[in-house]
Visitor: 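I'd like to ask some things about the structure below.
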2 protein chains.
Amino acid sequence: MSEANKTGFRDVKEEILERLRDRTWGPGDLLPREIALAEEFGCARTTVNRALRELSDEGLLERKRKAGTRVRMSPLRSARFEIPLIRDEIEASGSVYRYRLVSQQIMQAPDWLCARLDLGDNAQVAHVRCMHFSGSAPYQFEDRWINCGIVPEIGSTTFEQESPNEWLVREVPFSNAEISFFAAAADTAMSEFLQVQNGEAIFASERATWREGNPVTLARMYFQRGHRMTTYY
Amino acid sequence: MSEANKTGFRDVKEEILERLRDRTWGPGDLLPREIALAEEFGCARTTVNRALRELSDEGLLERKRKAGTRVRMSPLRSARFEIPLIRDEIEASGSVYRYRLVSQQIMQAPDWLCARLDLGDNAQVAHVRCMHFSGSAPYQFEDRWINCGIVPEIGSTTFEQESPNEWLVREVPFSNAEISFFAAAADTAMSEFLQVQNGEAIFASERATWREGNPVTLARMYFQRGHRMTTYY
DNA sequence: CAGTGGTCTAGACCACACA
DNA sequence: GTGTGGTCTAGACCACTGC
């Protein structure tokens, strides 16, 4: 009665973490079976299972049937980055979000885009460029291509008032995506819109999304150097 | 008997995903209660619970006691990036991993580092710089600071044969971390070691780790422009 | 073939948040 | 107060995989 009243999966998780920290179980070591741990902690196997499963998802343990649960040799940890709407991101920081359309046109997809998204030869796409501001400061320059074959309504939509991302989230059902981060050198457009010098380092993120195997959109988003994607674990 | 034999949480998850895709349940909508879904799918509530919990973890649904389960307005999705040991990363790509120590010295922590990691005034740190190669190509330049107060063995360790990261993983128990990605301009050292021009865009990642609230190490890792952190969801 | 994790079940109680 | 999700339990069967 002086200790915690019940043993939840969080307690189990915390205790196991503690034993990983103090090296009771070091890299490569085999942990006791779930049943044994359940007995030790005085809880159901299901509870231990959930704790171990989550630790395994987080990259700290490695589990195999018959072979048991082991501490990972090199703690292959995974970092999670939240990808919010840019408006939410800016407003959450306490600033005012502003948006401006730079250009919008329908055109034949350029070759590199066809290759990148596996588009057909004569695919029509909408090319949209726009700026996102945090207060009066330029925050992100967005360069986006949208597949007219999958999203025909694009032809009669203007992005003067609303950003293509918000429009897509609302109008186009949910899709799969690939995200990547990299660095680039500012070209003429970027340096103008982000107010940096030509050739200066730029932080960039690229997102490609598909709907049921069909390419929907490719977006490149550019930030001033120093912009950070951060996470904790 | 012509359909699937059993309804697992994966089946439930997939069916719910399908209904999100076809807008049976659109942004902001309220889903049926777990019990109702369990009846509909012919499974236990626990099974539905797990499916919904995972979808909620992935950022697609929002759940509140009493209020029920709703489709998120803007699908705040989260991307997971795996953070492997650099040796594993390079060897997984089929290349040979090579390592070279650039410099190693014990010194008084500079002010900016004290501020960054919340170190005491007279803290001693080890400053280690090293290169990681993929085959013969420069892959990553690492600039790392290690807190001697927490890791005193550092004084008698040389990183000529082994990279500080591998040493830390092996010797220092498990810790919390903060990771971020950003872009930088190559300074003299980076341009020399990564074989790029001075001022050129560089992709950078910074990792700070703590052990029980005490700062252990701060590492900045620089890659040639074009290096990508990629993930799918 | 046998041992371990993976999952499902039916039922129970709890904790929170809204009215 | 009361309804919903959050979690635990005890037991069961299945599926992989190492021997």
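All values reported here derive from a predicted model rather than from experimental measurement.
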Visitor: Please confirm whether the ring centroid of B:Phe223 lies under 6.0 Å from the ring centroid of B:Tyr139.
Guide: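 Yes, the ring centres sit under 6.0 Å apart.
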Visitor: For the side-chain hydrogen bond (donor to acceptor under 3.5 Å, both in side chains) test, which of A:Asn49, A:Thr69, A:Thr46 pairs with A:Glu34?
Guide: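 That would be A:Asn49; it is the only one of A:Asn49, A:Thr69, A:Thr46 passing the side-chain hydrogen bond (donor to acceptor under 3.5 Å, both in side chains) with A:Glu34.
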Visitor: Using purine N1 to pyrimidine N3 plus N6-O4 or O6-N4 for Watson-Crick, or N1-O2 and O6-N3 for G-U wobble, each under 3.5 Å, what pairs with C:dA19?
Guide: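 In the structure as shown, C:dA19 has no Watson-Crick or wobble partner.
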Visitor: If you take the centroid of each ring, where Trp contributes its six-membered ring, are A:Phe133 and A:Tyr99 closer together than 6.0 Å?
Guide: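 No, the ring centres sit 6.0 Å or more apart.
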Visitor: Which residues in residues 58-71 of chain B have a heavy atom closer than 4.0 Å to any atom of DNA chain D?
Guide: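 Those residues are B:Arg63, B:Lys64, B:Arg65, B:Lys66, B:Gly68, B:Thr69.
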Visitor: May I ask you to say what B:Thr46 touches in the nucleic acid, namely base, sugar-phosphate or nothing, with a heavy-atom cut-off under 4.0 Å?
Guide: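 The answer is base, as B:Thr46 lies within the cut-off (heavy atoms under 4.0 Å) of a base atom.
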Visitor: Knowing that exactly one of A:Phe182, A:Phe181, A:Phe81 qualifies, which makes a side-chain contact (heavy atoms from CB on, under 4.5 Å) with A:Ser205?
Guide: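 The passing option is A:Phe181.
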Visitor: Decide side-chain hydrogen bond (donor to acceptor under 3.5 Å, both in side chains) for B:Asn165 and B:Ser163; before the verdict, give the C-alpha distance in whole Å, the side-chain angles of both, and the deciding distance to 0.1 Å.
Guide: CA-CA 5 Å; B:Asn165 191 28; B:Ser163 81; 5.5 Å; no
Visitor: Could you tell me whether the side chain of A:Arg50 and the main chain of A:Arg10 form a donor-acceptor pair under 3.5 Å?
Guide: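 Side chain of A:Arg50 to backbone of A:Arg10, a donor-acceptor pair under 3.5 Å: no, none is there.
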Visitor: Would you check if there is a donor-acceptor pair between the side chains of B:Arg63 and B:Ser56 at a distance under 3.5 Å?
Guide: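 Short answer, no.
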Visitor: Could you list where the contact with chain B starts and ends along DNA chain D, reading 5' to 3', using a 4.0 Å heavy-atom cut-off?
Guide: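 First-to-last contact on DNA chain D, by the 4.0 Å heavy-atom rule, is D:dT2 to D:dT7.
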Visitor: Do the side chains of B:Arg19 and B:Glu15 get close enough for a salt bridge, i.e. N-O under 4.0 angstrom?
Guide: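 Yes.
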Visitor: Which ones in residues 26-45 of chain B lie close to DNA chain D, meaning a heavy atom under 4.0 Å from one of its atoms?
Guide: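 Hits under 4.0 Å, by residue number: B:Arg33, B:Glu34, B:Arg45.
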Visitor: Does some side-chain heavy atom of B:Asp118 sit less than 4.5 Å from a side-chain heavy atom of B:Pro215?
Guide: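 Side chain of B:Pro215 against side chain of B:Asp118, heavy atoms only: no contact under 4.5 Å found.
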Visitor: Backbone N or O of B:Thr209 within a donor-acceptor pair of the B:Thr217 side chain at under 3.5 Å?
Guide: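 Between the backbone of B:Thr209 and the side chain of B:Thr217 there is no qualifying donor-acceptor contact (under 3.5 Å).
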